[in-house]
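Any value given below was found using the heavy atoms of this structure, including those in side chains, with hydrogens, waters and symmetry copies removed.
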Amino acid sequence: MPNQANLSQEREDRREQCTALAVREALKNGAFALAASGAGVFGANTFSPAFRNALGTSGKAALVVTPAFFTFFYVSQTTMNNCVRTTHWSDETAAAEAAMARDK
């Protein structure tokens with residue numbers, strides 16, 4: 001039967017795995033969003049005089065980074081939630097947690 005230190009270490013390892021996965025997926029998807037929005041703003045600025053004159057540099061920069069930030073935060077949160085939700089502790093770990101809860 002695992003002790004409290006083993007359970008804590010198992011949880012810490014799983015948390016680190018979930019965090020690494022969430023960051024990796026979020027960066028990958030955020031980069032795609034940044035490339036797409038950057039290309040869209042570049043194209044609109046190049047071929048549309050109305051767009052070019054309607055927005056300043058800050059507005060155009062905001063149109064580029066906002067989708068990337070949204071994608072990063074959304075993907076990282078949903079990936080972390082899915083990872084935590086699908087974490088299956090071993091039967092031995094579950095039994096040890098239940099026993100420790102009863103002993104408190």
Val23 reachable from Phe69 in the ILVMFWY side-chain graph, under 4.5 Å edges
yes
Any side-chain heavy-atom pair from Phe72 and Leu27 closer than 4.5 angstrom?
yes
Quick check: do Val64 and Phe42 have side-chain heavy atoms less than 4.5 Å from each other?
no
Just checking, any donor-acceptor pair under 3.5 angstrom between side chains of Asp13 and Gln17?
no
Locate the shortest heavy-atom distance separating [X] from [Y]; write the atom from each residue and the value.
| X | Y | answer |
| --- | --- | --- |
| Gly30 | Thr71 | N-CG2, 3.9 Å |
| Ala62 | Pro67 | O-CD, 4.3 Å |
| Phe51 | Val41 | CE2-O, 3.9 Å |

Just verifying a value: how many Å separate [X] [atom1] and [Y] [atom2], rounded to the nearest 0.5 Å?
| X | Y | atom1 | atom2 | answer |
| --- | --- | --- | --- | --- |
| Leu21 | Met80 | CG | CE | 8.5 Å |
| Thr79 | Tyr74 | OG1 | OH | 9.5 Å |
| Leu34 | Thr66 | CG | OG1 | 11.0 Å |

Hey, is the main chain of [Y] close enough, under 3.5 Å, to the side chain of [X] for a donor-acceptor pair?
| X | Y | result |
| --- | --- | --- |
| Asn29 | Glu25 | yes |
| Lys60 | Arg52 | yes |
| Ser48 | Asn45 | no |

